[in-house]
2 protein chains.
Amino acid sequence: MDKNSRILLVEDEEALGYLLSEYLGMKSFTVHWAKNGNEAIGLLERREFDLVLLDVTMPVVDGFTLAKRIKEKYPELPFLFLTARSLKVDVLKGFSLGAVDYLKKPIDEEELVARITAILSRIQVIPPDKEPKRYLLGSYIFDAVNQKLVFEGEETGLTSRESELLQLLADNKNNLCSHRDILIQLWGENDYFNRKSLNVFITRLRTYLKKDRKIRIENVHGKGFILSLQDN
Amino acid sequence: MDKNSRILLVEDEEALGYLLSEYLGMKSFTVHWAKNGNEAIGLLERREFDLVLLDVTMPVVDGFTLAKRIKEKYPELPFLFLTARSLKVDVLKGFSLGAVDYLKKPIDEEELVARITAILSRIQVIPPDKEPKRYLLGSYIFDAVNQKLVFEGEETGLTSRESELLQLLADNKNNLCSHRDILIQLWGENDYFNRKSLNVFITRLRTYLKKDRKIRIENVHGKGFILSLQDN
DNA sequence: AAGCATATTAATCTTTCATTAATTCTTATT
DNA sequence: AATAAGAATTAATGAAAGATTAATATGCTT
């Protein structure tokens, strides 16, 4: 129905993933392509989607497991499977997990678009009042949805990138976030230039956070960053 | 929800029609079997259904034609095709007529049930929640029903759009309303021009609201707007 | 059909922000 | 200590988004 719907594509095969994201992009959907389940989970945490397109056979976190998690955390978010596993038990399992559709590869692209469109047009457009997601970071309160950082009542607006990055770090508080994961999650690609860009954002977050010494962003040389919070 | 749902089956083949109505009946759906398009039309007028299962190839009134009539007269009633015609053009035609699904014969009965169940479970029960019609916005009182904004006894009439927009923002006071949600909610579509239009209205609301500094419409770059109210 | 209120489109100007670049500072390795 | 790679910092840039004002179109009411 409404163009510009945001689709999360979870597909580990390079070729098919590329093909689909290009094709759907052409059809004026906004596509984010996660190459594995963990990437998908991260993206779901910090971006909004209207629909998820799931492969079943994937390493690490398979599609069924991912579907289960989606159903738990985002019960209103429609997802559908696109898979080579056409066994009846798999189909039934897919639907029993709450899938809206179960498509068998190879799928005709036009039919895929028709089915996606059919699904989206049946969705209620009532914005699901997303609760402000807040993190307690020392004396700071970080509101990820509204992109605000509050220190003693004084609030600072964050840009989208700043906010996404801080959220990713906060979700892994006191744990290492590798360059690689950060770049894949937020930039979609892990290359030299994006890494430079990441450094700039780290610096900016540090300046925002320097009012409370208990919280800081540490660097692990050659590995990544840790948002470390000293308790006491 | 899904149990005991009323299904209208439109199928001219005796054998398949019998089989399906028996099977679906066993699964505790209430099935009415129409053997041709005219019968179906008659039944639709006399009874209520939750879903229609349509064959395409039928004498007199074919499935596509029937689908068109259903869409016109009962736009909310979901229908799906079950047919031997698996040509791509037919599939696309089916969806373009508003079908929820398009199944190719022969279909596994269990899968059919799974798909029907999936469709029925997505039928939206729109909660008739009563919106508050009067809002306190700092020193302003906003009366959404009468589209009035009152500041120290002095009232300003708002236009419908202005009022709708302010109400949406007020319902999400201190929380981000994305462009997307605003546009879809108020304009029905999220495109370049409507977005420009939205900007104009934001400007207007801001001029109305500038008598009280505690209330203001903030912009979150690339995301949307926040009606922010400073307490105290 | 004229006149008014309202909504949309257009045109112009301003601001924001991610990225790139340039430079200095750190750390690890030899 | 010398070197190279990684990291931090600051500033510059250009494209996109937003704000504002004005002009046009749409639709009612009389």
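Note on naming: letters A, B, ... go to the chains in the order of the sequence lines (proteins, then strands), and numbering restarts at 1 for each one.
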Output the rounded distance in Å from [atom1] ([X]) to [atom2] ([N]).
| X | N | atom1 | atom2 | result |
| --- | --- | --- | --- | --- |
| B/Arg204 | C/dT9 | CZ | C1' | 13 Å |
| B/Leu198 | C/dA7 | CG | C1' | 13 Å |
| A/Leu183 | D/dG6 | CG | P | 14 Å |
| B/Glu162 | C/dT8 | CD | P | 11 Å |

* To do: Just report the end-to-end axis angle for the helix from C/dA1-D/dT30 to C/dT30-D/dA1, five pairs per end, to 10 degrees.
  => 30°
Any donor-acceptor N/O pair, [X] side chain to [Y] backbone, under 3.5 Å:
| X | Y | value |
| --- | --- | --- |
| A/Gln185 | A/Glu39 | yes |
| B/Glu162 | B/Thr159 | yes |
| B/Arg122 | B/Ala118 | no |

* Would you please confirm or rule out a distance under 4.0 Å between OP1 or OP2 of C/dT8 and any side-chain N or O of B/Trp187? => yes
* Asked: Has A/Arg161 got a side-chain N or O lying under 4.0 Å from the OP1 or OP2 atom of C/dT19?
  ->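 So the side-chain polar atoms of A/Arg161 do come within 4.0 Å of the phosphate oxygens OP1 or OP2 of C/dT19, strictly under.
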* Base, sugar-phosphate, or nothing for B/Thr159, non-hydrogen atoms under 4.0 angstrom? ->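 Sugar-phosphate, no base atom in range.
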* To do: Would you check if B/Leu87 and B/Val91 make a side-chain contact, meaning some heavy-atom pair closer than 4.5 Å?
  =>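 Not in contact.
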* **Donor-acceptor pair between B/Gln230 and B/Arg213 side chains, under 3.5 angstrom** => no
Throw together a table of side-chain donor-acceptor distances under 3.5 angstrom for residues 217-226 of chain A, partners on residues two or more places apart or in other chains.
| residue | atom | partner | partner atom | Å |
| --- | --- | --- | --- | --- |
| A/Glu218 | OE2 | A/Arg216 | NH2 | 3.3 |
| A/Glu218 | OE2 | A/Ser228 | OG | 3.0 |
| A/Asn219 | OD1 | A/His221 | N | 3.4 |
| A/Asn219 | ND2 | A/Gly224 | O | 3.3 |

* **B/Tyr74 and B/Phe79 aromatic centres sub-6.0 Å** => no
* Asked: Base, backbone or nothing for each nucleotide of nucleotides 16-30 of chain D, written B, S, -, heavy atoms under 4.0 angstrom, 5' to 3'?
  -> -SSSBB---------
* Under the 6.0 Å and 45° cation-pi test, does A/Arg195 pair with A/Trp187? -> no
